[in-house]
Amino acid sequence: MVTNVQTTNILQTPIEYLKGVGPLRADLLKKELSIFVYEDLLNHFPYRHIDKTVISPISSIQFNTEYIQVAGKLIALEVIGEKRARRMVGQLSDQSGALLELTWFQGITWIQKNVQIGATYLVFGKVSFFNGKPQLVHPEIELKQPQNITAKNYLEPVYPATEKLKARGLSGRQIAHLTQQLFSILPSGCISENIPPEICNRLKLVPRFEAYQAIHFPANPEAYEAALRRLKFEELFIAQVRLHIVKLRRQNASRGVLFEKVGDYFNTFYNRYLPFQLTNAQKRVLKEIRSDTAKGHQMNRLLQGDVGSGKTIVALLAMLLAADNGFQSCMMAPTEILAQQHFEGLCNLLKEMPFEIALLTGSTKTAERKRILKGLLDDSIHFIVGTHAIIEDIVQFKNLGLVIIDEQHRFGVEQRAKLWKKAAIPPHVLVMTATPIPRTLAMTAYGDLDYSVMDELPPGRQPVKTVHRAEHARASVMDFVKSEIEKGRQAYFIYPLIEESEKLSYEDLMQGFEQVKSFFPEPRFSISMVHGKQPVEQKELNMQRFVKGETQIMVSTTVIEVGVNVPNASVMVIESSEKFGLSQLHQLRGRVGRGSEQSFCILLTGSKISAEAKERIKIMCATNNGFVIAEKDLELRGPGEIEGTRQSGAVNFKLASIVNDRQMLEVARMEAEQLVEKDMELQSQENSCLRLFLQSSKGKTGWSKIS
Ligand code: ADP
Ligand code: MG
């Protein structure tokens, strides 16, 4: 125990106490690299290594040799050239018999004083070719006795340094010296282990101290890889342990209404009125919901299902489960149209069952509103579908047990909290979203939530045929759309109007509208248009006309609602599609392909587009799978940029990458989950190292609040 305290202290020693640092350099290290104590220096990792472990014969230099270390006798040294071409050139000869030119443009006087013809040197540098001959410009050069020339027994680290640091004599190489100095005074036990020994053994992870040593000064590339693997795993594992502890503690602390049984409502509907077989994914999610709600804790589940995967029916079945246990449910949608559609869908599916279902939105008439408020209070209304209007304080329930939130990203946390307050015991919450988040991202950013994925579409869905067309093919695209409309279908034209930078793109939209009109003249065709500048009522009205089939064409910006269902719409043309991100393209495309007809998505672009845009379009044409697209999106943009990421801090690791180290993340998650489930307070002897570590890194974790 005593050693433990001492050794922890040594890593917390202020950096100025390290030999070779002092107050001035310490200041710089703090300001430029946030290195305050010894531990921070240990965590300033090299970004590559230079191999000086071998001494090669000069004759082995090839055209593709990058760096080389050689040893030999300096047989010539002279200053040649004039003015800017003035340089010091030496010739090094070794036992291979070949010659290597050493060249200096600067520091010539110093070389003249310190380097001697006839002496033996160990030389390292970057190989370049001049007049077909190999040379090293400004090599590192070290005087040696011919009998004791030895190579380094470790790879030399190269550290990131800033210009300011370099100017003050703290280049990457000096930092290497400091790190080396630090290791020379650290007792070997001072970097305590934080992964339980059983896991270390089973996964063949090198011990922590060894890993730190080898990530800085590895004996060979294999040792470096092993160290890197260990430290990456540690990052992921520790993060997952934290998430699981937070999650379990919250679950255990929260009280939730109990859905004890599956009763008649559920069973009757399931056996008699369910219009199709559930997919396996739907069944699985339903089981998860069932098990969540039977525990007496509040469910807080995020359900991600690709567009069209059938989330609504899962929600409906969960609502029947609530009803079986005597509870009311509400379902919230982000817009009136979506709420309306859900309402109609529910009424239709439940028409043979004895439920009272209500719709409450901003445009509900006063008398109806009164009736609804009363019905919710006396439990004569069982299900309510609506918009934000449901959140208002005046809306009170007799016994709300379940809240479904469709398309979550438009609902804030506070709004959700308001819903919870509508019952003595907070209702279960199921948040549904059609914006796929890559699994790895979800595991890190949402790892503390319950989380379900529906990665399967109902059978018989025809994938949307997606093609890329350049501007010059517009006429034939229009002809194609016309032929589809003539078959009785409807079409979308989408424009990239970004609401903040309206002006220019608004004009584009108007131009586009005129252009579409000229191809599809009235009265033969009728067109709706919606955009963010319209008053809400007008937007809704125009939407409705399209939904009802009164117009055949919808010209729209991206305000077109997520989740809106117009099965008869089978064509979507996306204008300037190079300007959209992948997940947005996928969301938009999800508006077609909802009926039984083959649907099409045409991605129009200018003729010159960036390589990245080309890649996005290629992916869109190649797959309809939202999760594949989300993974690609993550690869192309990196974790920080992805929509729906709550806390980018949770996904940015120092060494590990949720894109490149997916498998490791899966393993870390599984190990963490098992460990926390067995020993949430980390009380066992086996887990004590982990507990001590988490306690010592307080502030970075919710742990501090609890312990
Ligand atoms: P989303 O997940 O995008 O909200 P919906 O719930 O709107 O998807 O479902 C899309 C369509 O698929 C609806 O018409 C729905 O009736 C249908 N559907 C849902 N589940 C199934 C299933 N298991 N088999 C066949 N069709 C299904
Ligand atoms: Mg939906």
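One-based numbering, in listed order, for ligands and for the atoms of each. Numbers for residues simply follow the sequence, beginning at 1.
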The atoms of ligand 1 lying under 4.0 Å from a heavy atom of L278, numbered in the order shown, are 23 (N)
I'd like to know if the side chain of Q341 pairs up with that of N565 as donor and acceptor (distance under 3.5 Å, no hydrogens or angles considered).
no
So, R474 and E575, do they make that salt bridge, N to O below 4.0 Å?
yes
Is ligand 1 less than 4.0 angstrom away from at least one heavy atom of R461?
yes
With a 4.0 Å cut-off on heavy atoms, is R594 touching ligand 1?
yes
Ring geometry between F520 and F525 (parallel below 30°, tilted from 30 to 60°, perpendicular above 60°)
perpendicular
Ring centres of Y265 and F355 under 6.0 Å apart?
yes
Check the orientation of Y270 and F266. Use parallel for under 30°, tilted for 30 to 60°, and perpendicular for over 60°.
parallel
Under 4.0 Å to a heavy atom of S309 - the qualifying atoms of ligand 1, by number
2 (O), 8 (O)
Does ligand 1 have any atom that is closer than 4.0 Å to a heavy atom of G308?
yes
Does ligand 1 have any atom that is closer than 4.0 Å to a heavy atom of N565?
no
Quick one: does P458 get an N or O within less than 3.5 Å of an N or O on ligand 1?
no
Say whether G305 and ligand 1 are in contact under the criterion: heavy-atom distance to a ligand atom below 4.0 Å.
no
Could you check whether D378 and S380, counting side-chain N and O atoms only, form a donor-acceptor pair closer than 3.5 Å?
yes
Q298 side, atom CD; T293 side, atom OG1 - distance, nearest 0.5 Å
12.0 Å
Proximal ligand 1 atoms for V307, defined as those under 4.0 Å from one of its heavy atoms
3 (O)
For ligand 1, which atoms sit closer than 4.0 Å to a heavy atom of T279?
23 (N)
Should the proximity of M432 to ligand 1, defined as any heavy atom under 4.0 Å, be assigned to the side chain, the backbone, both, or neither?
neither
Give a yes-or-no answer on whether the side chains of Q304 and S452 include a donor-acceptor pair shorter than 3.5 Å.
no
Compute the centroid of each ring, for H531 and then for Y495, and state whether the two points are separated by less than 6.0 Å.
no
Sub-4.0 Å atoms of ligand 1 with respect to non-hydrogen atoms of Q277:
22 (C), 23 (N), 24 (N)
Pull out every atom of ligand 1 sitting under 4.0 Å from any heavy atom of T312, numbered as shown with elements.
4 (O), 5 (P), 6 (O), 7 (O)
